[in-house]
Structures are given as C-alpha cells and as structure tokens.
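Along the sequence shown, residues are numbered consecutively beginning with 1.
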Amino acid sequence: MVSYKELGLVNSRELFKGAIAGKYAIPAFNFNNMEQMQAIVQACVEESSPVILQVSSGARKYANQTLLRYMAQGAVEYAKELGKNIPIVLHLDHGDTFELCKSCIDFGFSSVMIDGSHHSYEDNVALTRKVVEYAHAHDVTVEGELGVLAGIEDDVVAEHHTYTQPEEVEDFVSKTGVDSLAISIGTSHGANKFKPDQCTRNAEGILVPPPLRFDILEEVEKRIPGFPIVLHGASSVPQKYVATINQYGGALKDAIGIPEEQLRKAAQSAVCKINIDSDGRLAMTAAIREFFALNPDKFDPRQYLGPAREELKKLYKHKVVNVLGSAGKA
Ligand code: G3H
Ligand code: 13P
Ligand code: ZN
C-alpha cells in the first residue's frame, strides 16, 4: 500500500473549490505513455495550470500499473525540475468495479471514478457508496456518474445516451457522498460524437453539431449549488488534425466534436473537470502520419515521437489557456 501523499500528488478537493470559485475548469488529460505525460507536464508547467493525469483501465493494461504509478510520481518531480510545483492529481478514469478502485487507491492514485452509470439507479448508488467509504478513509476523492454517454466508455459500450435526470442528483450525491458528479448533457466519447444527420450546415456548408443541453446543467446546478460537475467526452475534434490524417493516408469519416465555445461556457459554470483524450490521439496521429509521409527514409522513434509530443503540447496549452481557463491557477 502506498499513499499518493508520499508520491507528491494531491486529491481533487481543493482544485475543484478553486475552479468553482474562479469560474474555470481543471483539465483531465488521459495518458498511456511517456510522450503524452511529458507533453501534459510541460504544457501545464509553462502555463501554470493544475492538472489531472487520467488513467483508464485500458491504459493500465497497456502500460502496466507499476510503471504508470512511477510515471505519475515522475511527473511530480519533472514539474519541479521544470520550475513549477503544479498540483497534480492521479485519477482512475471509468473505474467499473470496487476492486479496481481499491487497487488503484492502494497503488497511489489520489482520485478515482466509479462509473456505475450503466447499472440500475439503486445499484449505482450502492456501488458508488462502497467506493466512497474506502476512498475517503484514505483521503482519496471520488467521481460518480449519472446518465449515460453515447460511444465507448472504456470496456462499457453504450449505444445510445440517456441524459442525466436532474431530479436524481440530490439524492445520489447525498446517499453516496461523492466529491464530484459526471453528467450526460450531449457529449460522447471518441472522435465521432454526432452523425451528420444530427447536425445542421452553416453558410460554408460545414457541419454544425446540436448544442449541449445547458438547460439540464442549469437544473442540476440549481439542485446542488456549488457542487463540482464533470464533463466527459469533451474533445473538440480539431478539423485540421482530421484533414492532416486523411491527407496522409488516414480514413477518418464524419469526425465531429464539441465546439470550443460551448466548452468555454461550460468551464465557467459548475463544470470544474473537463475530460480530453481523443483530441490528443488525433494530434499525435496527425503529426506522425505527416512525418512519415514527408520523411519515408526515417525510422528512429525519437524522430517521429518528438514532433508528435510537440504537437500534443501545443494542443494542451491551447486547451488550458483558451478553453478551460485554468492557466495561471496553479
Ligand atoms: O473515456 C475513455 C477514455 O478516452 C479512455 O479510453 O479506454 O481507450 O483508454 P481507453
Ligand atoms: P473524448 O473522447 O471526447 O476525448 O473524452 C475523453 C473522456 O471522457 C475520458 O474519460
Ligand atoms: Zn469518459
């Protein structure tokens, strides 16, 4: 058993208080490898932003739980070496069982998500409560979820989404004791968030997705004022990356994300954690495809992972400065 405090990590409690009071959101960026971790830390140190390093159970399988824990500890030391001791949270993304959450807590995570959104309401409450009891005994914060996002939730595949029902949130929060709540207001995971027939077209013929359900968010805020809300599936799917990927041999179709102005608006509300994974995947893939197309004779991984890491860093800086508003808040 290792406590996250020994690793120099923090839980999310104080960060969310600051984000609610200051009307910004903390970035939650997923990572699976060293280059992603380096880009996140470099960007957040340079912009002086607190950050949540997110690990899915798939990431844990891919990279190995021991390595990931030491990488998170390394992230803390790396940030100091770069000149700024920014607050760093190590968070389990989409934990689906009590055992997985417990194992992460015992292994040095400072925050966990228990995603019981695919269970019945009663089973979600019971599972979330059990995780909260164990986590709080170790001063680890817990994110719960109400409502189902369309798309792929790690091992859980949801065909259709169900918006969060605002009338359930007070009961859920008080019965479970969670520290934050992920809600479903029209975002979804992955790079294909909307089908073209769900969108309209602007004057230039570009697809415009349907707006997020801010009415549901407002109703939730009225019922649990000041309570930290989380948005999953919040990638914007930058069309420049989609175009580069497709120009250099990719075949992405109908890739559509959440417009940045809607995320900016959400970040100024009770939404204080915004999850971004797919945009990073697109940035890395675009940079690597372009590199190989322009440099077919190169094969040293540093030569293509280096530019991919630079592009990722640019993306993360843009998010914290121009979308989430967390720059300067570390
Ligand atoms: O919400 C899902 C995250 O994007 C993590 O994805 O399970 O493929 O690592 P993953
Ligand atoms: P995106 O697929 O929109 O990046 O969402 C990531 C996420 O919600 C991770 O939990
Ligand atoms: Zn998610």
Side-chain angles (χ1 to χ4, degrees), residues 1-19 26-95 97-114 131-143 154 178-180 228 230 272-273 275-277 280 309 312-313 316 320 326 329-330:
M1 165 107 204
V2 56
S3 164
Y4 68 87
K5 294 178 187 178
E6 292 162 33
L7 309 182
L9 299 160
V10 297
N11 69 27
S12 63
R13 197 168 292 123
E14 291 306 312
L15 300 192
F16 289 170
K17 270 191 206 156
I26 310 289
F29 297 134
N30 290 69
F31 86 109
N32 303 263
N33 62 34
M34 183 184 75
E35 283 76 11
Q36 289 172 317
M37 189 273 269
Q38 288 173 314
I40 295 168
V41 175
Q42 289 173 13
C44 292
V45 163
E46 285 177 27
E47 297 304 339
S48 198
S49 172
V51 68
I52 297 172
L53 286 174
Q54 247 175 198
V55 174
S56 69
S57 62
R60 227 169 156 240
K61 278 182 217 137
Y62 173 80
N64 177 277
Q65 57 170 348
T66 306
L67 278 176
L68 280 174
R69 190 250 277 178
Y70 282 107
M71 281 169 77
Q73 186 175 6
V76 173
E77 298 307 319
Y78 183 43
K80 285 189 213 158
E81 188 180 305
L82 292 174
K84 182 110 194 166
N85 191 8
I86 55 170
I88 299 179
V89 175
L90 178 61
H91 176 78
L92 169 67
D93 193 24
H94 295 285
T97 61
F98 170 78
E99 289 70 26
L100 175 60
C101 293
K102 179 180 180 301
S103 162
C104 286
I105 293 165
D106 293 349
F107 233 78
F109 281 59
S110 59
S111 177
V112 293
M113 174 188 195
I114 176 68
V131 171
V132 167
E133 275 167 13
Y134 188 78
H136 283 184
H138 298 85
D139 203 19
V140 166
T141 39
V142 180
E143 174 184 324
D154 207 5
V178 280
D179 302 281
S180 61
V230 177
C272 59
K273 172 176 181 272
N275 287 9
I276 296 170
D277 187 358
R309 184 175 62 193
L312 256 188
K313 179 178 169 184
Y316 293 140
V320 302
S326 61
K329 310 292 186 189

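- Looking at heavy atoms from C-beta onward, Val112 lies out of side-chain contact with Glu143 at the 4.5 angstrom threshold.
- In this structure, Leu312 and Ala39 approach most closely via the heavy-atom pair CB-CB, 3.7 Å.
- To the nearest 0.5 Å, the span separating OG on Ser180 from CG on Leu15 amounts to 11.5 Å.
- Between Thr141 and Arg13, the closest side-chain pair of non-hydrogen atoms falls below 4.5 Å.
- The line from CD1 of Ile26 to OG of Ser49 is 6.5 Å long, rounded to the nearest 0.5 Å.
- The two residues Ala59 and Leu68 come nearest to each other via the heavy atoms O-CD1, 3.7 Å.
- Side-chain atoms of Asp179 come within 3.5 Å of backbone atoms of Val142 as a donor-acceptor pair (strictly under, hydrogens ignored).
- Residues satisfying the side chain to side chain contact (heavy atoms under 4.5 Å, CB included) criterion with Phe98, sequence neighbours excluded, are Lys102, Leu127, Lys130, Val131, Tyr134.
- No donor-acceptor pair closer than 3.5 Å links the side chain of Tyr78 to the backbone N or O of Gln42.
- Contact check for Gln65 versus Ser103: side-chain heavy atoms found under the 4.5 Å cut-off.
- The distance from atom CG of Leu100 to atom CZ of Arg60, rounded to the nearest 0.5 Å, is 5.5 Å.
- Contact annotation: the side chain of Phe109 never approaches that of Val140 to less than 4.5 Å [non-hydrogen atoms, C-beta and beyond].
- Nearest heavy atoms, Val320 versus Pro27: CG1-CG, 3.7 Å.
- In summary, Glu46 and Lys84 do not engage in a salt bridge, as defined by a charged side-chain N under 4.0 Å from a carboxylate O.
- In this structure, the side chain of Gln36 engages the main chain of Asn32 through a donor-acceptor pair within 3.5 Å.
- The two residues Val89 and Asn11 have their closest heavy-atom pair at CG2-O, 3.8 Å.
- Of all non-hydrogen atoms in Tyr4 and Gly108, the two that sit nearest each other are CB-O, 3.1 Å.
- For the pair Pro50 and Lys329, the minimum side-chain heavy-atom distance is below 4.5 Å.
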Let me see the working for Tyr316 and Phe29 under ring-ring contact (aromatic ring centres under 6.0 Å, His included), right down to the final yes or no.
-> CA-CA 9 Å; Tyr316 293 140; Phe29 297 134; 4.2 Å; yes

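- When side chains are defined from C-beta on, Phe107 counts as touching Thr66, because their heavy atoms get closer than 4.5 Å.
- The side-chain heavy atoms of Val55 and His91, taken from C-beta on, include no pair separated by under 4.5 Å.
- Between Ala75 and Met37, the shortest heavy-atom contact is CB-SD, 3.8 Å.
- To the nearest 0.5 angstrom, Ser111 atom OG is 6.5 Å from Ile52 atom CD1.
- Residues Leu7 and Val76 form no side-chain contact, since every pair of their non-hydrogen atoms from C-beta on lies 4.5 Å or further apart.
- In terms of modelled atom types and a separation under 3.5 Å, the side chain of Ser110 and the main chain of Leu90 share a donor-acceptor contact.
- Atoms NZ and NE2, on Lys5 and His138 in that order, are 10.5 Å from each other to the nearest 0.5 Å.
- Atoms NE2 and CD1, from His136 and Ile105 in turn, are 9.0 Å apart once rounded to the nearest 0.5 Å.
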